[in-house]
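Read the structure below first, then the notes.
Proteins get letters first, then strands, A, B, ... in listed order; numbering begins at 1 in each. Just so you know, these numbers use all the heavy atoms, side chains as well, and skip hydrogens, waters and symmetry mates.
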Amino acid sequence: MRLHSARFDLIAIPTAFPMKSHLQALLGQALASASSALGQPLELPAGLQIDPARDPRHGDFATNLALVVAKSLRQAPRAVAELLVRHLPDSPLVTRVEIAGPGFINFFLAPAAFQAVVEQVLSAGADYGQDRSGAHGRILVEYVSANPTGPMHVGHGRGAAYGDSLARILAATGWQVHREYYINDAGRQVDILTVSVWVRYLQGCGEVIAFPRRGYPADYVGVTSARIRAERGQDFQRGAADVLAGLPVDPDIDVDADEPTRAQIKGGQEAYVDALIDRARSMLGEGYKVIQRAALDDQLAAIRATLDAFGVHFDQWYSERSLVDSGFARTAIERLREGGHVYEQDGATWLRTSALGDEKDRVLFKADGAATYFANDLAYHIDKLDRGYPLLLDVWGADHHGYIARVRAAITALTGHKDALRVQLMQFVTLSSGRMGKRSGNFVTLQDLISEAGTDATRFFYLLRSHDQHLEFDIELARSQSNDNPVYYVQYAHARICSVFRQLAERGQQFDPAAAPSALHRLVEPQERHLLGVLQRYPDSLQAAAVQYAPHQLAFYVRDVADALHSYYNAHKFLVDDPDLQTARLALIAATGQVLRNALDLLGVSAPESM
RNA sequence: GCGCCCGUAGCUCAGUAGGAUAGAGCACCAGAUUCCUAAUCUGGGGGUCGUGAGUUCGAAUCUCGCCGGGCGCGCCA
């Protein structure tokens with residue numbers, strides 16, 4: 001099967017923007033007509049742009065068609081523009097055409113061209129601007145995948161908001177989306193968590209044993225250990241002397257030491273915790289798994305609860321442990337070996353990623369036989385492909401960027417398509433009240449943030465920045481219930497619209513959508529014209545957000561909608577004596593409310609009926 | 001040192017598959033409510049798009065150098 005670039009596919013499909021399609025059809029005819037006049041075949045070029053004009057003096061829509069084809073015709077752009085305009089068919093929706101600047105063709109449209117959007121929105125409702133056909137095919141989006149060794153921090157929150165919104169956007173633009181969370185429940189970090197819980201448990205049993213310096217000292221470790229003690233009593237108690245017998249020392253860090261010395265101390269701490277893990281395994285047997293299961297269950301429950309509160313849901317939680325236990329982690333790698341990409345050296349098993357764009361080859365199985373994180377993750381990605389997803393979209397933190405090349409190399413080796421894996425990196429999040437740090441103890445968790453600022457404000461804040469831009473999260477602003485908070489600006493627009501309809505009902509009147517079409521010609525005010533244009537732009541904004549994997553485009557769009565609504569609201573009354581005019585205006589704001597709901601839903605932000 | 005990301009108004013940021021005179025919010029200044037929610041609106045000042053070259057009809061956007069910041073360069077995860 002040939003894999004297309006998703007970006008290319010989305011550009012190639014006809015726009016959902018009716019006015020744009022209309023103009024494109026007109027230009028296509030003009031081009032065909034001009035082409036036969038010239039005796040030279042011409043087609044609509046790839047670089048064709050038909051966009052709403054930024055400056056009202058440039059009309060309503062502008063195209064660069066003449067500029068683009070001028071090169072192949074080897075003629076002056078303005079001359080080509082004049083030729084095209086001469087061959088442009090008449091349209092009742094186009095009142096005037098101008099050639100401007102270096103050769104832009106500007107279209108001035110009849111009011112009807114804008115008014116029609118109201119009917120489209122009202123009849124399509126929640127489907128306006130959307131394509132739920134799934135025609136683009138299947139895509140697997142993996143995001144968050146935070147290690148289950150502690151609470152999620154604000155950086156994970158960004159990935160959660162981004163990944164979830166992107167998944168919603170892709171599903172609304174013709175993709176069959178599957179959302180997955182990869183649980184790293186098989187690695188060394190989980191073992192460190194396990195012995196951390198065990199040591200706390202032993203302390204709780206009265207044993208005198210120091211907490212490992214590389215362990216997780218957080219409160220949640222104590223919570224799990226207390227739960228185990230409550231449920232299992234002293235089942236896992238072992239004498240401290242026996243536990244520590246023969247273990248290396250756990251060296252204390254010396255802040256004044258030079259860098260090599262500190263590295264040595266850190267190495268000693270790592271060696272100690274590893275030895276403690278081995279000791280725990282041998283002394284506890286099956287009990288080790290019980291403690292580990294308890295620790296993982298508690299962490300995953302907390303993570304799920306937080307994500308649930310954040311409105312982030314997954315179709316599947318995929319366990320790394322399950323890959324290992326089923327043996328797939330090893331058999332999947334065998335396929336790479338059959339392809340000749342695997343070799344043995346220095347006792348380890350390597351993948352020849354350097355042949356496929358990586359800087360160097362990578363270890364799959366260490367000299368001690370243990371699988372690397374990379375090997376298991378690779379098996380996971382192979383399983384994704386096996387399950388029938390030709391396109392894999394991974395959302396990772398920016399610190400993983402050096403990891404992309406090796407995973408992509410492996411995917412390329414298996415599929416022959418280096419484009420089968422797409423990785424979107426989340427740049428780092430800093431807090432206005434200081435940096436986050438996982439072991440610092442005073443980091444702000446995602447749960448804290450949601451509790452403080454609420455899901456709507458938190459998600460909107462995250463999505464108001466491009467994901468490849470560093471984000472400075474202003475907690476005070478996010479939690480402030482004031483007009484400074486950008487999410488309220490948008491939500492207030494929706495609430496205002498709802499309020500108008502409540503007022504209407506209080507007056508004993510009703511809005512009749514069926515009467516709207518014949519009344520829309522009354523929408524002639526500048527604010528109405530502007531708002532109509534914004535609503536008409538929604539399908540393209542959604543497309544742009546999908547194609548560029550950029551939910552923030554939609555966040556900016558809803559702000560534009562709110563902006564246009566507020567200006568309109570302040571300039572004109574909607575509940576007026578003239579029934580036709582009132583119907584027209586109510587239809588317009590009803591459509592505005594619908595578009596706000598549609599877009600906010602894709603951002604995961606609520607659209608309140610009152611505030 | 002090498003690789004990736006970034007540098008746009010006082011602050012936080014859009015705009016980057018090349019398009020016309022580079023935008024928004026906040027902050028600052030001046031105004032608007034007998035009327036559907038003022039969490040709103042209207043107007044104003046504010047810029048060598050880090051910098052120097054190049055590519056072409058046209059560059060914030062593409063290429064190269066330089067300056068500045070972030071991240072990554074493990075048989076860690």
Side-chain angles (χ1 to χ4, degrees), chain A residues 7-8 11 46-47 49 51 53-55 57-58 62 64 67-68 70-71 76-78 100-104 106 147 149 184 186-190 192 270 320 345-350 359-360 362-374 376-377 397-405 425 427-428 430 432 464-466 468-474 477 480-493 495-504 506-507 527 547-548 552-553 555-556 559-560 562-563 565-576 585-586 589 610-611:
Chain A
R7 173 164 287 212
F8 178 82
I11 293 160
Q49 291 174 8
D51 292 319
R54 285 184 200 153
D55 189 328
R57 283 170 294 183
H58 296 148
N64 65 347
L67 293 165
V68 181
K71 194 166 283 182
R78 284 196 71 107
F104 289 100
N106 295 333
N147 281 352
T149 51
N184 300 129
R188 177 169 172 268
Q189 296 304 321
V190 176
I192 294 175
E270 303 285 7
E320 177 185 8
Q345 187 179 312
D346 302 332
T349 303
W350 298 70
E359 291 174 355
K360 48 179 282 196
R362 306 293 175 175
V363 171
L364 292 167
F365 300 108
K366 305 177 215 173
D368 66 3
T372 58
Y373 172 86
F374 175 52
N376 287 346
D377 197 23
D399 54 335
H400 283 65
H401 92 80
Y403 188 71
I404 298 174
L425 293 179
Q427 289 300 320
F428 272 53
T430 51
S432 55
L464 215 42
R465 296 285 173 274
S466 172
D468 57 12
Q469 198 73 234
H470 295 246
L471 167 63
E472 185 173 320
F473 200 109
D474 189 334
L477 185 55
S480 76
Q481 306 256 329
S482 77
N483 51 4
D484 292 339
N485 195 329
V487 73
Y488 296 127
Y489 182 81
V490 178
Q491 293 183 317
Y492 184 46
R496 269 186 149 174
I497 291 167
C498 296
S499 174
V500 171
F501 283 96
R502 280 194 297 271
Q503 282 288 323
L504 181 73
E506 279 179 25
R507 297 181 185 194
Q527 292 86 356
V547 169
Q548 298 171 31
H552 77 276
Q553 301 269 3
F556 278 85
R559 233 175 44 175
D560 285 348
D563 186 51
L565 188 278
H566 287 312
S567 293
Y568 183 31
Y569 187 97
N570 276 276
H572 300 286
K573 277 192 67 78
F574 308 144
L575 301 178
V576 292
R585 289 182 170 175
L586 289 176
I589 65 168
S610 67
M611 291 175 66

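- The side chain of Arg496(A) lies closest to rA38(B), out of rU16(B), rA38(B), rG74(B).
- Taking the P atom of each, rG43(B) and rG25(B) are spaced 11 Å apart, rounded to whole Å.
- rC26(B) atom P lies 12 Å from atom CG of Asn485(A), rounded to whole Å.
- Spacing between atom NE2 of His400(A) and atom P of rA77(B) amounts to 11 Å, rounded to whole angstrom units.
- Whole-Å rounding puts the Gln49(A) CD to rG18(B) P distance at 7 Å.
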Q | Sugar-phosphate or base contact per nucleotide [nucleotides 2-13 of chain B; S, B, -; heavy atom under 4.0 Å] | A | -BBSS-----SS
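- Phosphate contact (OP1/OP2 of rG74(B), side-chain N/O of Lys366(A), threshold under 4.0 Å): absent.
- At the heavy-atom level, Asp563(A) lies under 4.0 Å from the strands shown only through sugar-phosphate atoms.
- Nucleic acid contact class of His58(A) (heavy atoms, under 4.0 Å, all strands): base.
- A straight line from NE2 of His572(A) to C1' of rC35(B) spans 14 Å, rounded to a whole angstrom.
- Between Phe574(A) and Tyr569(A), the ring planes are perpendicular. Angles over 60° get that label, and only those under 30° would be called parallel.
- To the nearest 0.5 angstrom, Arg585(A) atom CZ is 9.0 Å from Gln527(A) atom CD.
- No hydrogens or angles considered: nothing links the side chains of Asp468(A) and Gln427(A) as a donor-acceptor pair under 3.5 Å.
- Spacing of P atoms, rC76(B) relative to rU16(B), comes out at 42 Å, to the nearest Å.
- Considering only heavy atoms from C-beta on, Phe104(A) comes within 4.5 Å of Asn64(A) through its side chain.
- The shortest distance between side-chain heavy atoms of Ile404(A) and Leu425(A) falls below 4.5 Å.
- Residue Asp560(A) places no side-chain atom within donor-acceptor reach of the base of rA14(B), judged by atom type and a 3.5 Å distance cut-off alone.
- Only the P atoms considered, rA24(B) is 14 Å distant from rA9(B), to the nearest whole Å.
- Base-pair partner of rG45(B): not found among the strands shown (Watson-Crick or G-U wobble, both distances under 3.5 Å).
- No side-chain heavy atom of Arg496(A) sits less than 4.5 Å from a side-chain heavy atom of Gln491(A).
- Spacing of P atoms, rC64(B) relative to rU55(B), comes out at 15 Å, to the nearest Å.
- Separating the CZ atom of Arg78(A) from the C1' atom of rG58(B) is a distance of 14 Å, rounded to the nearest angstrom.
- The distance from atom CD1 of Ile404(A) to atom C1' of rC73(B) is 13 Å, rounded to the nearest whole Å.
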Q. Going through the distances and angles, do Asn184(A) and Thr149(A) end up as a side-chain contact (heavy atoms from CB on, under 4.5 Å)?
A. CA-CA 9 Å; Asn184(A) 300 129; Thr149(A) 51; over 6 Å; no
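- Distances shown here put a side-chain N or O of Lys360(A) below 4.0 Å from the OP1 or OP2 atom of rC75(B).
- Checking side-chain atoms of Asp474(A) against main-chain N and O of Leu477(A) turns up a donor-acceptor pair under 3.5 Å.
- In this structure, His552(A) places its NE2 atom 8 Å from P of rU16(B), rounding to the nearest Å.
- Using N1 to N3 plus N6-O4 or O6-N4 for Watson-Crick, or N1-O2 and O6-N3 for G-U wobble, each under 3.5 Å, rU63(B) pairs with rA53(B).
- A 3.5 Å limit on both hydrogen-bonding distances identifies rU12(B) as the Watson-Crick or G-U partner of rA24(B).
- A gap of 11 Å separates the P atoms of rA14(B) and rC6(B), to the nearest Å.
- Heavy atoms of Tyr403(A) sit under 4.0 angstrom from at least one base atom.
- Taking the six-membered ring for Trp and thresholds of 30 and 60 degrees, Tyr403(A) and Tyr373(A) have ring planes inclined between 30 and 60 degrees apart.
- Nearest-nucleotide assignment on RNA chain B puts the 5′-proximal partner with Ala53(A), out of Ala348(A) and Ala53(A).
- Comparing the C1' positions of rC71(B) and rG54(B) gives a spacing of 30 Å, expressed to the nearest Å.
- In this model, no donor atom of one side chain and acceptor atom of the other lie less than 3.5 Å apart for Arg465(A) and His470(A).
- No engagement by Asp51(A) is indicated, since no non-hydrogen atom pair under 4.0 Å with the nucleic acid exists.
- Contact of the Leu471(A) side chain with the Thr430(A) side chain is not registered, since no non-hydrogen atoms from C-beta on lie closer than 4.5 Å.
- At least one side-chain heavy atom of Val490(A) sits under 4.5 Å from a side-chain heavy atom of Arg559(A).
- Among the nucleotides rG19(B), rC41(B), rA77(B), the one closest to the side chain of Ser567(A) is rC41(B).
- Using atom C1' as the reference point in both rU21(B) and rG47(B), the two lie 13 Å apart (nearest Å).
- When heavy atoms are screened at a 4.0 angstrom cut-off, Ala367(A) is found touching base atoms of the nucleic acid.
- Of the candidates rU40(B), rA77(B), rG15(B), the closest approach to any side-chain atom of Tyr489(A) belongs to rU40(B).
- Atom CG in Asn184(A) sits about 16 Å away from atom P in rC76(B), given to the nearest Å.
- Taking a pair to require two hydrogen-bonding distances under 3.5 Å in either a Watson-Crick or a G-U wobble arrangement, rA38(B) remains unpaired.
- Pair assignment for rC4(B) gives rG70(B), based on Watson-Crick or G-U wobble hydrogen-bonding distances that are each under 3.5 Å.
- As judged by a 4.0 angstrom heavy-atom cut-off over every strand, Pro102(A) is placed among the base-contacting residues.
- Separating the CG atom in Leu575(A) from the CD atom in Gln503(A) is a distance of 7.0 Å, to the nearest 0.5 Å.
- A gap of 37 Å separates the C1' atoms of rG74(B) and rU12(B), to the nearest Å.
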Q: Would you mind building the protein contact string for nucleotides 27-33 of chain B? One character per nucleotide, 5' to 3', B for base within reach (heavy atoms under 4.0 Å), S for sugar-phosphate only, - for untouched.
A: S------
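- Across all strands, Ala571(A) comes closer than 4.0 Å to no nucleic acid atom at all (heavy-atom distances).
- Looking at which nucleotide of RNA chain B each of Asn106(A) and Gly402(A) is closest to, the 5′-most match is held by Asn106(A).
- Close to rG15(B), at under 4.0 Å from its OP1 or OP2, lies a side-chain N or O of Gln553(A).
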